[in-house]
Amino acid sequence: MDAQLSTLLFEQRRFPPPPEFAASANAGEALYRSAERDHEAFWAEQARALHWIRPWDRVLEWNPPHAKWFVGGKLNVSANCLDRHLDGPLRNKAALIWEGEPGDRRVLTYWDLAREVRKAANALKRLGVGKGDRVAIYMPLVPEAAIAMLACARIGAVHSVIFGGFSAESVRDRVNDAEAKVLITADAGYRRGQVLPLKRMADAAMAGTPSIRHCVVVRRRPGGEGDEAFAQMTEGRDHWWHRLLDAESAECEPTPVDAEDLLFILYTSGTTGKPKGIVHTTGGYLTQVAATTRYVFDLKPEDVFWCTADIGWVTGHSYVVYGPLANGATVLIYEGAPDWPERDRFWSLVERHGVTVLYTAPTAIRAFMKWGTEHPGRHDLSSLRLLGSVGEPINPEAWIWYHTHIGGGRCPIVDTWWQTETGGIMITPLPGVTTTKPGSATTPFPGITAELVDTAGTVITKGGGFLTLPEPWPGMLRTIYRDDQRYRDTYWSRFPGRYFAGDGAKLDEDGYWWILGRVDDVLNVAGHRIGTMEVESALVEHSSVAEAAVVGRAHELKGQALAAFVTLKDGQHPTSELKDDLKAHVTQKIGAIARPDDIFFSADLPKTRSGKIMRRLLKDIAEGRALGDTTTLADPNVVSRLKEMYEEKEG
Ligand code: WT7
């Protein structure tokens, strides 16, 4: 961390907002000043930009650690994202421009999208889904994924989107935790030319999900209906999406929803083996994502906004679906991989669709850097006017490359810090206002307070420490689904009275934030959050494994890579076949995103005398560093043996 800190603080380059950009930017200095006077009044003003069926009585009710925003207000998220745009010039504007990985394309106007959402909402009602019921969505990145989310919102049902890369077991556990009634999936999805058999995975999951009454299947493969290899339909339970929707009317009144009713649950990794169901409600969430979209991405009527995240992650919820559509924006969605069929796919998409604002992750940017400038160089990227970054710290080198080779030196970059739990962007530059420094997320969004504290919880104004949020904000998680104690313990107990995000950070002399990354047992692998405990539990479920410890090691492209240290049961032999088998086992248990990069077999794991695995030491070993202090170890030899093995492997 220290080396990383000093590299960052050595970063002296400054990028003031280009004057032409500032002249027409949605945000000005005044936004900070008005928010400073009164945070609640600021957020109330942002909320007034939405359509409310009933106005709120109180802006905020704060009984730490529980907040209620816009108490007494009623609204409908889908009406805000669709219906209110249909009476004016947005009616025939493209809402979603979609490109599938094989190259198939579709455009849905706001009118089209509203009709599809209403039909889907009617279909869900017909399947018995009512207000407050949970619907699981396990889909590739196709327009129907967004339609399904908005259809739930329309009838006050709660969606739980499960990333299409998760395994059947992960789907099963999430569906069961939420007791979802309906699962919406697709026959298949495309990734790097491969056909992912999503319905088959869903079937495997549904073998253990007693709450599921119906499964709705989107036909992704051309002519796929009836192709039993991809979608075997269980009579009475399974229904083709297109057939259901064909039978429904395009009229469906939006259900009035309380500001504090649940909009969605989204599962994310924590420091235990069990993912947490992060609960987001309606009014405050939509207020924050709509306002941040407007000011951080500076969206104008003619923009084409492309947030490259999958809707399985919070970034996709907030900045593919809800924030942009609430603002009447045109959103590009692309189903597949950036290097398919060639390494210029993103740039051909930007050129073909005239993308103006691009929001992506540092891990992608580092891959582009490695692939070389010839790929973006082959395309006209002059439509771009603003770039964004999210998901992990962006190293200054990647920032500068992005600025130079993608942004042509003219586009401001917004490095946005936030989390699944925060719902929307929290720390970010405002383009046209903030002077940026490569590698810094700069300062909190207006109406947001962030404070750095030391280990004792004392607020500090410079140097390194922990990033905390001392005040409630509209998009904050309300609890962990059906586990409020875990909510209190996880976020509010380390520093009483403060939300602790799990990130280490540094404040510089200008009050700019430099996020250093997670300080808990959560890893950030290629922008995806993975709990070390989840991977460990998956490993020990393998019949050969006695014990496992998983740590993150620095990785050039992914930020962090997973290194697993494994001890085997008696009679088991450490072979390379077993390594492959263990990697496949984790993929099957959790999904490919959790597949360990390295597996080290070891006779023992280094433990303190109280039996705690010393992850710091394992990280040192995985990163090939000199040994740390081993004096507290129960058996110091364990570490030196491991280190020798590691060096053998490297050499
Ligand atoms: C963690 C949250 C919500 C974004 C998608 C990931 C890291 C996120 C940044 C940034 C440095 C960042 C943090 C955070 N992170 N954005 N701009 N700079 N780190 O959401 O899966 O909930 O992960 O991502 O470590 O805690 P998530």
Side-chain angles (χ1 to χ4, degrees), residues 1-16 32 296 361-363 365-366 388-400 402-403 412-419 421-422 425-430 433-446 448-471 473 491 494-495 497-524 527 529 552-556 559-560 615-616 619-620 623 625 628:
M1 197 103 113
D2 289 347
Q4 191 190 350
L5 244 175
S6 50
T7 333
L8 284 176
L9 294 178
F10 194 65
E11 179 53 56
Q12 291 298 326
R13 288 167 284 196
R14 302 285 179 275
F15 293 81
Y32 288 109
V296 177
T363 186
I365 299 166
R366 288 190 297 263
S389 171
V390 63
E392 50 183 314
I394 180 164
N395 43 313
E397 198 194 351
W399 196 105
I400 295 289
Y402 195 30
H403 189 259
I413 295 182
V414 288
D415 173 7
T416 61
W417 176 86
W418 57 295
Q419 308 177 298
E421 290 88 341
T422 69
I425 292 171
M426 301 294 280
I427 302 181
T428 178
L430 289 184
V433 181
T434 312
T435 292
T436 53
K437 305 181 186 181
S440 168
T442 74
T443 59
F445 187 80
I448 299 292
T449 308
E451 284 176 346
L452 191 70
V453 300
D454 62 16
T455 42
T458 310
V459 175
I460 50 180
T461 51
K462 56 179 193 307
F466 303 99
L467 165 50
T468 67
L469 306 167
E471 278 176 11
W473 64 99
Y491 303 108
R494 175 73 179 81
F495 303 109
R498 296 170 176 278
Y499 170 87
F500 174 48
D503 282 317
K506 157 98 197 166
L507 269 177
D508 71 14
E509 63 287 356
D510 298 322
Y512 276 37
W513 288 86
W514 300 76
I515 315 295
L516 302 173
R518 308 282 316 188
V519 294
D520 51 10
D521 292 330
V522 174
L523 306 181
N524 192 327
R529 190 159 148 180
R553 66 162 172 84
H555 187 278
E556 191 197 350
Q560 284 188 303
R615 290 167 194 284
R616 242 199 125 70
K619 189 172 149 75
D620 285 345
E623 292 181 348
R625 264 195 308 276

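The main-chain N or O of Gly527 is never found under 3.5 Å from a side-chain atom of Arg529 such that the two would form a donor-acceptor pair. In this structure a side-chain-to-backbone donor-acceptor pair under 3.5 Å is present from Ser440 to Thr442.
Between Leu507 atom CG and Ile460 atom CD1 the span is 7.5 Å, to the nearest 0.5 Å. With rounding to the nearest 0.5 Å, the separation of CZ in Arg553 from CG in Leu523 is 12.0 Å. Taken to the nearest 0.5 Å, the OH atom of Tyr32 stands 4.0 Å off from the OG1 atom of Thr443. Put simply, OG1 on Thr416 and CD1 on Ile425 are 4.5 Å apart, with the number rounded to the nearest 0.5 Å. The distance from the CG atom of Asn395 to the CD1 atom of Ile400 is 10.5 Å, given to the nearest 0.5 Å.
Nearest heavy atoms, Leu430 versus Val296: CD2-CG2, 4.2 Å. Across every non-hydrogen atom of Pro396 and Pro438, the tightest pair is CG-O, 3.6 Å. The shortest non-hydrogen separation linking Thr422 to Trp418 is OG1-CB, 3.3 Å. Nearest heavy atom pair, residue Leu452 against residue Gly463, reads CD2-O, 3.1 Å. Of all non-hydrogen atoms in Tyr512 and Thr435, the two that sit nearest each other are OH-O, 2.5 Å. Shown here for Ala450 and Ile427, the closest heavy-atom pair between the two residues is CB-CD1, 4.1 Å.
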Exercise. Could you walk me through whether Glu421 and Met426 pass the side chain to side chain contact (heavy atoms under 4.5 Å, CB included) check?
Worked result: CA-CA 11 Å; Glu421 290 88 341; Met426 301 294 280; over 6 Å; no
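Ala361 pairs by the side-chain contact (heavy atoms from CB on, under 4.5 Å) definition with Thr363, not counting sequence neighbours. The ring-ring contact (aromatic ring centres under 6.0 Å, His included) search around Trp513 returns none, not counting sequence neighbours. Under the rule for a salt bridge (Lys or Arg N to Asp or Glu O under 4.0 Å), the partners of Arg615 that lie at least two apart in sequence or sit in another chain are Asp521, Glu536. Residues passing the side chain to side chain donor-acceptor pair (under 3.5 Å) test with Lys437 are Asp508, Asp510, sequence neighbours excluded. Considering only residues two or more places apart in sequence or on other chains, Ser389 meets the side-chain contact (heavy atoms from CB on, under 4.5 Å) condition with Pro362, Ile394, Asp415. The ring-ring contact (aromatic ring centres under 6.0 Å, His included) test applied to Phe500 returns Phe466, Phe495, not counting sequence neighbours. For the salt bridge (Lys or Arg N to Asp or Glu O under 4.0 Å) test, residues two or more places apart in sequence or in another chain that qualify with Glu451 are Arg498. Asp520 is linked by a salt bridge (Lys or Arg N to Asp or Glu O under 4.0 Å) to Arg518, counting only residues two or more places apart in sequence or in another chain. Looking at residues two or more places apart in sequence or on another chain, you find a side-chain contact (heavy atoms from CB on, under 4.5 Å) between His403 and Phe15, Trp399, Ile413. Annotation: side-chain contact (heavy atoms from CB on, under 4.5 Å) contacts of Thr458 (sequence neighbours excluded): Asp454, Ala456. Under the rule for a ring-ring contact (aromatic ring centres under 6.0 Å, His included), Tyr402 has no partner lying at least two apart in sequence or in another chain. With sequence neighbours excluded, the residues satisfying salt bridge (Lys or Arg N to Asp or Glu O under 4.0 Å) with Glu392 are Arg366.
Aromatic ring centres of Tyr499 and Trp473: separated by under 6.0 Å.
Within 6.0 Å of CD in Gln419 there are more than 12 heavy atoms belonging to other residues, nucleotides or ligands.
Proximity of Leu469 to Tyr491: side-chain heavy atoms (C-beta onward) are nowhere separated by under 4.5 Å.
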